[in-house]
Amino acid sequence: MAISISLATPRTITRTAELLRAGRLVAFPTETVYGLGADATNEHAVAEIFAAKGRPHFNPLIVHVPGLSEAEALALFDDRARKLVAQFWPGPLTLVLPRRSDSGLSLLAGAGLDTVAIRAPAHEVAQALLRRAGRPIAAPSANRSGRVSPTEAIHVVEELGDRVGAILDGGRTLVGLESTVLDLSGETPVLLRPGGVTSEQLTEFLGPIAAPATGRPKSPGMLASHYAPSLPLRLDAISAQPGEALLAFGPKAPSGFAEVLWLSPTGDLAEAAANLFAMLRRLDRPAFNGIAVMPIPEQGLGRAINDRLRRAAAAR
Ligand code: TXA
Ligand code: MG
């Protein structure tokens, strides 16, 4: 299969939607990261996602739809869920809800759970593609299992090469971190994954939110070391170690590093989130002994950034 990367235009979007309807895998931009999409009602197409990513386990996948009406055909929405949708969709918020028995979704997409994770992405290319495909699209991040999520089309080429039928290029993704995953299948909302919508925003809206129970993760994608560069990662760095590269945050950086990339020189968390994965990728080279990261404040988007960094630093 030849790699086909094309600038997203009405024509290429229509052609890509046809590939999806024919059961092929395609990569497309969302506001968070690039997704590896397949028709979520086609068991074989969904199985191809796991094969292409080299996922060792059948982690449940997020199902993408244009908006609430399409989502209501797949899952049971209560008032709480509708309120959140009115505020945050389209956008980087994934809701885990009871799956409708007549959803038509591939069981593999939900990994056998009786819930489904759904979101409506806020990216005009993703929106156009979903509308043209006319069916729900299962899409994990378009990287090989255990690696950093792609935030540019070229990253998808590096990750999945010829495993995809098409790659739609919609430029760099704006948010740069995956969506927030909120479990609404029980009485108390549970934050399964911090992401593009902050827990402060959610709490303001919902009141108290529970952290996931420790022990066996309900969201299998939350296993430590889910996101990882090849080089060792050292967090909260305040001085250099020999041969290390640095991801800096804020106006001043310690000296002595072999290379420095700035997540955000002004200390802006949204800018840092948007740069995180691309910069980790750029520094992940054998020329360095490791990647050090300056402290990032644990607030707002900083929580999601630190979550991804801790996973990337976890022992493998
Ligand atoms: O921003 C994003 O969400 C990106 C873009 C492409 O939309 N997608 C993404 O998908 O990050 P993925 O497959 O890499 O992450 C899906 C997350 C995992 O943590 C998974 O365990 C969780 O959602 N998940 C999916 N279905 C679930 C369910 N029924 N119950 C609990 N967790 C679920
Ligand atoms: Mg992922």
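In each ligand, atom 1 is the first atom listed, and ligand 1 is the first ligand listed. Because the structure is predicted, anything quoted here is derived from the model rather than measured.
- Here the closest non-hydrogen pair linking Leu246 and Ala253 is CD2-CB, 3.9 Å.
- Contact of the Thr14 side chain with the Arg11 side chain is not registered, since no non-hydrogen atoms from C-beta on lie closer than 4.5 Å.
- Assignment of Arg119 to the shell around ligand 1 is supported, since a heavy atom sits closer than 4.0 Å.
- Among the atoms of Glu178, none of the N or O lies under 3.5 angstrom from an N or O of ligand 1.
- Within the 4.0 Å heavy-atom criterion, the part of Ala139 lying near ligand 1 is the backbone and not the side chain.
- Distances below 4.0 Å separate heavy atoms of Ser141 from the following atoms of ligand 1: 8 (N), 9 (C), 10 (O), 14 (O).
- Below 3.5 Å of separation, one finds an N or O of Arg193 facing an N or O of ligand 1.
- Nearest to atom 16 (C) of ligand 1 by heavy atom, out of Ile62, Ile49, Asn59, Leu192, is Ile62.
- Distance NZ/Lys53 to CG/Leu61: 8.5 Å, rounded to 0.5 Å.
- Considering backbone and side-chain atoms alike, Thr30 places every N or O at 3.5 Å or more from each N or O of ligand 1.
- The Mg ion (ligand 2) has no N, O or S atom of Ser149 inside 2.8 Å of it.
- In summary, the atoms of ligand 1 found under 4.0 Å from a heavy atom of Thr115, numbered by their order in the structure, are 28 (C), 29 (N), 30 (N).
- Residue contact check for ligand 1: Pro121 places no non-hydrogen atom closer than 4.0 Å to it.
- Here the shortest heavy-atom distance to atom 30 (N) of ligand 1, taken over Thr32, Thr180, Val96, Leu61, belongs to Val96.
- Considering only heavy atoms from C-beta on, Pro140 comes within 4.5 Å of Ile49 through its side chain.
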Step-by-step ring pair (Phe, Tyr, Trp, His ring centres under 6.0 Å) determination, Phe205 to Phe88: CA-CA 10 Å; Phe205 231 77; Phe88 296 108; 5.6 Å; yes
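- Within the 3.5 Å criterion, the main-chain N or O of Gln241 finds a donor-acceptor partner in the side chain of Glu244.
- Listed by number with element, the atoms of ligand 1 under 4.0 angstrom from any heavy atom of Leu113 are 28 (C), 29 (N), 30 (N).
- Salt-bridge check for Arg310 with Glu298: passed, with a basic side-chain N closer than 4.0 Å to an acidic carboxylate O.
- Put simply, the side chain of Leu184 does not reach to within 4.5 Å of the side chain of Phe77, judged on heavy atoms.
- No option in Arg193, Arg308, Arg119 other than Arg308 meets the salt bridge (charged side-chain N to carboxylate O under 4.0 Å, His left out) test with Glu178.
- Proximity to Ala117 (heavy-atom distance under 4.0 Å) selects the following atoms of ligand 1: 25 (C), 26 (N), 27 (C).
- Taking distance alone, with nitrogen or oxygen atoms compared against 3.5 Å, Tyr34 stays at or beyond that limit from ligand 1.
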